[in-house]
2 protein chains.
Amino acid sequence: MQQIAAAAGVSVTTVSHTISGKRPVRPDTAERVRRLIEEFGYVPDSGAQRLKTGRSRIIGLAVPDVSHWYFGRIARGVEEAADELDYGVIVASTSNSDPRREKRYFNMLRTRLIDGLVYTASREMTPTEELVKLASKSPVVLADEAIPSLDGLPSVTSDNYVGAQDLGRHLASLGHTRAVILSGYAGLKSQIERVKGIRESFPNALVLYGDFELRSGYDLVSDLLAQDVRFTALFGCNDLMAIGAMQRLREAGIRVPEDVSVVGFDDVDMASVVTPGLTTVRQDMLEIGRRSGRLLIEGLEGRTELTSAGSVSLPVELVIRGSTATAPA
Amino acid sequence: MQQIAAAAGVSVTTVSHTISGKRPVRPDTAERVRRLIEEFGYVPDSGAQRLKTGRSRIIGLAVPDVSHWYFGRIARGVEEAADELDYGVIVASTSNSDPRREKRYFNMLRTRLIDGLVYTASREMTPTEELVKLASKSPVVLADEAIPSLDGLPSVTSDNYVGAQDLGRHLASLGHTRAVILSGYAGLKSQIERVKGIRESFPNALVLYGDFELRSGYDLVSDLLAQDVRFTALFGCNDLMAIGAMQRLREAGIRVPEDVSVVGFDDVDMASVVTPGLTTVRQDMLEIGRRSGRLLIEGLEGRTELTSAGSVSLPVELVIRGSTATAPA
DNA sequence: CTGAAAGCGCTTACAG
DNA sequence: CTGAAAGCGCTTACAG
């Protein structure tokens with residue numbers, strides 16, 4: 001900037017202002033400065049700007065694991081929003097709340113590296129003490145999972161309850177009466193809502209808990225079979241567990257959907273590729289990411305108050321495929 | 001830091017040194033300072049450090065799309081490496097080389113926001129002018145795709161050639177003779193090598209080009225069927241195209257593997273879930289990410305020279321599943 | 001083992 | 001419409 005100023009024969013003040021546009025600059029001077037900037041390929045040093053203004057224009061995103069389809073979509077959405085508003089995003093996989101990692105990422109907030117955080121809870125609804133403290137003084141938006149005890153924070157989630165209701169009604173309308181629910185981590189609000197929504201149609205459905213992975217759907221069905229539990233409807237609280245369950249059923253010679261109807265939740269790519277296609281509820285993870293990012297940045301820029309009043313719950317869509325059919329006689 | 005210094009009755013110089021350990025500090029003084037730091041919850045301002053030292057301890061990662069399984073794995077790997085070495089990573093989806101976005105992310109390098117870049121080419125082997133210029137003065141490591149014209153840069157890739165050879169030999173040993181190859185973008189080195197490796201066993205294999213997506217595998221097979229092309233072996237140059245091809249074959253009443261054997265490349269999650277399971281070559285994307293990140297950071301810290309001499313090619317593994325069988329008589 | 005002071009590259013009151 | 005100067009919070013020669 002010094003160089004530009006010297007070359008243009010003006011003060012750094014003027015150079016700064018022609019860039020920022022925060023005060024009028026004589027048109028021909030501005031033009032000359034801009035040309036020099038172009039010529040030198042000058043870009044302002046972000047660190048120095050940060051130091052002066054106190055804002056880095058970078059936000060953090062903490063998700064359990066970016067490499068999962070589900071969180072990858074959120075990340076992409078946050079990134080899109082940030083890109084639009086001229087922010088950068090630092091991605092942090094918390095590895096299911098590895099405390100060391102969480103701490104490290106929270107520190108980014110404290111070192112002022114990032115201006116705010118989009119946080120996706122991974123396993124538990126009860127936040128770590130660190131998160132609570134952090135949330136009390138830094139801008140945080142919860143994506144995908146609301147955290148009841150952090151009720152001051154805005155969250156962007158899917159309408160899990162309605163989606164689950166749809167699923168329950170769909171299978172009830174097909175004449176099913178004996179159902180099993182494979183839920184994800186019991187500590188997540190989304191899971192509680194999904195179970196509740198399903199149980200509206202199947203009040204006595206058995207509920208088992210897994211970890212959202214394919215393998216756990218597979219294993220839970222093994223348990224059910226070993227115990228000789230009878231059911232004609234199986235609700236996976238995410239697609240992966242549902243698909244794992246389908247695999248296990250097939251291995252046991254139980255046909256989907258003739259003997260057992262299976263549904264999932266998410267609509268991951270895989271859901272339309274397996275045989276039969278998986279009936280599920282589509283969540284718009286990309287949009288969850290976008291909204292979270294936008295909400296956070298608007299909060300940072302003072303355009304929005306970052307309170308739970310800003311929370312949104314996005315609509316979901318029932319997607320019926322081949323894995324559901326009328327209950328066997 | 002001022003506060004800490006005042007409270008401890010020492011200079012900021014001493015506080016700075018007890019934190020950095022760059023010069024001896026009297027043990028009891030150090031102890032006192034450390035206690036105060038703990039008590040105040042003090043963390044050094046990253047922007048100020050950056051401004052002084054010129055290094056941000058943040059690296060950038062530019063991939064076509066973080067939300068794709070493939071790139072998500074790379075991202076996770078880079079993040080792991082960065083985390084280990086106490087760096088942060090800013091993720092940037094280039095949306096298949098959207099020039100506006102690329103430019104924006106390259107600017108991060110120029111504003112000194114990031115110290116270096118891990119770059120994954122998306123579509124073309126010929127880099128944009130911007131990339132070339134950038135690479136000549138900033139630390140860049142190529143992940144997953146080497147770029148021949150940027151031969152000064154280190155790259156971390158899979159051994160695409162060997163993997164493709166394995167696939168070709170596998171199908172040749174099963175008695176296949178008429179093969180079709182569905183390649184990804186023709187402009188990528190990985191694709192050229194895969195085609196070359198396959199053609200070692202099937203010199204006359206027909207090569208069609210797609211865009212790596214499920215849909216394009218599907219569409220390309222539609223074309224083949226419409227043209228009445230006869231083949232018993234189909235090579236997808238990635239799993240998604242192979243799976244799309246399988247879907248189209250099934251719709252046409254062509255059985256896999258009885259009538260046509262299908263193979264992919266990558267070993268995505270889906271590959272083991274489809275019916276039949278997809279024979280493929282497993283790439284360790286996580287490791288590609290890890291190595292790229294580590295290589296870049298080591299280069300930044302001067303422990304390695306960032307030249308093509310540092311390039312590595314990682315071993316791959318043939319995974320045989322149900323989609324391949326002996327050629328029909 | 002310790003401190004005073006310069007300076008990294010910006011932004012922004014203050015003054016004109 | 002413009003400039004001189006303070007200061008953001010650190011690190012690091014320089015001096016002791």
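Side-chain atoms are counted along with the backbone in the values below, which use heavy atoms only and exclude waters and symmetry mates. Every chain is numbered from 1, with letters handed out A, B, ... down the list of sequences.
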Go nucleotide by nucleotide along DNA chain D from the 5' end; which of B:G47 and A:P27 gets its closest nucleotide reached first? A:P27
Which distance, rounded to the nearest 0.5 Å, do you find between the CZ of B:R291 and the OG of B:S313? 10.0 Å
What is the separation between atom CD1 on B:I37 and atom P on D:dC10, rounded to the nearest whole Å? 10 Å
Figure out the NZ/C1' separation between A:K22 and C:dA13, and round it to whole Å. 13 Å
With sequence neighbours left out, the residues meeting side-chain hydrogen bond (donor to acceptor under 3.5 Å, both in side chains) with A:Q49 are none
P-based separation of D:dA13 from D:dG9 [nearest Å]: 23 Å
Starting at atom CD of B:Q3, determine the distance to atom P of D:dC8, rounded to an integer number of angstrom. 13 Å
With DNA chain C as reference, determine whether B:P24 or B:A48 sits nearer its 5' end, using the nearest nucleotide of each. B:P24
Distance, rounded to the nearest Å, where B:K52 contributes NZ and D:dT11 contributes C1': 5 Å
Could you check how far CG of A:L51 sits from P of D:dG7, rounded to whole Å? 14 Å
Whole Å only: how far is the OH atom of B:Y42 from the C1' atom of D:dC10? 7 Å
Base, sugar-phosphate, or nothing: which does A:T14 touch, judged by heavy atoms less than 4.0 Å apart? sugar-phosphate
Rounded to whole Å, CD of A:Q49 lies from C1' of D:dC8 at a distance of 13 Å
Could you tell me whether the phosphate oxygens of D:dC10, OP1 or OP2, come under 4.0 Å of any side-chain nitrogen or oxygen in B:S16? no
OP1 or OP2 of D:dG3 under 4.0 Å from side-chain N/O of A:T13: no
What integer distance in Å separates A:H17:NE2 from D:dG3:P? 12 Å
Can a side-chain donor-acceptor contact be found between B:T94 and B:E102 if the only test is distance below 3.5 angstrom? no
With both distances kept under 3.5 Å, what pairs with D:dA15, Watson-Crick or G-U wobble? C:dT2
On the nucleotide C:dC10, are OP1 or OP2 found under 4.0 Å from the side-chain N or O atoms that A:R50 carries? no
Using only heavy-atom distances, determine whether the side chains of A:D151 and A:S308 contain a donor-acceptor pair under 3.5 Å. no
Between A:M1 and A:R23, which has a closest nucleotide on DNA chain C that is more 5'? A:M1
Would you call B:R101 and A:E79 a salt bridge, using N to O less than 4.0 angstrom? yes
Sugar-phosphate only, base, or nothing, as touched by B:T29 at under 4.0 Å among non-hydrogen atoms: sugar-phosphate
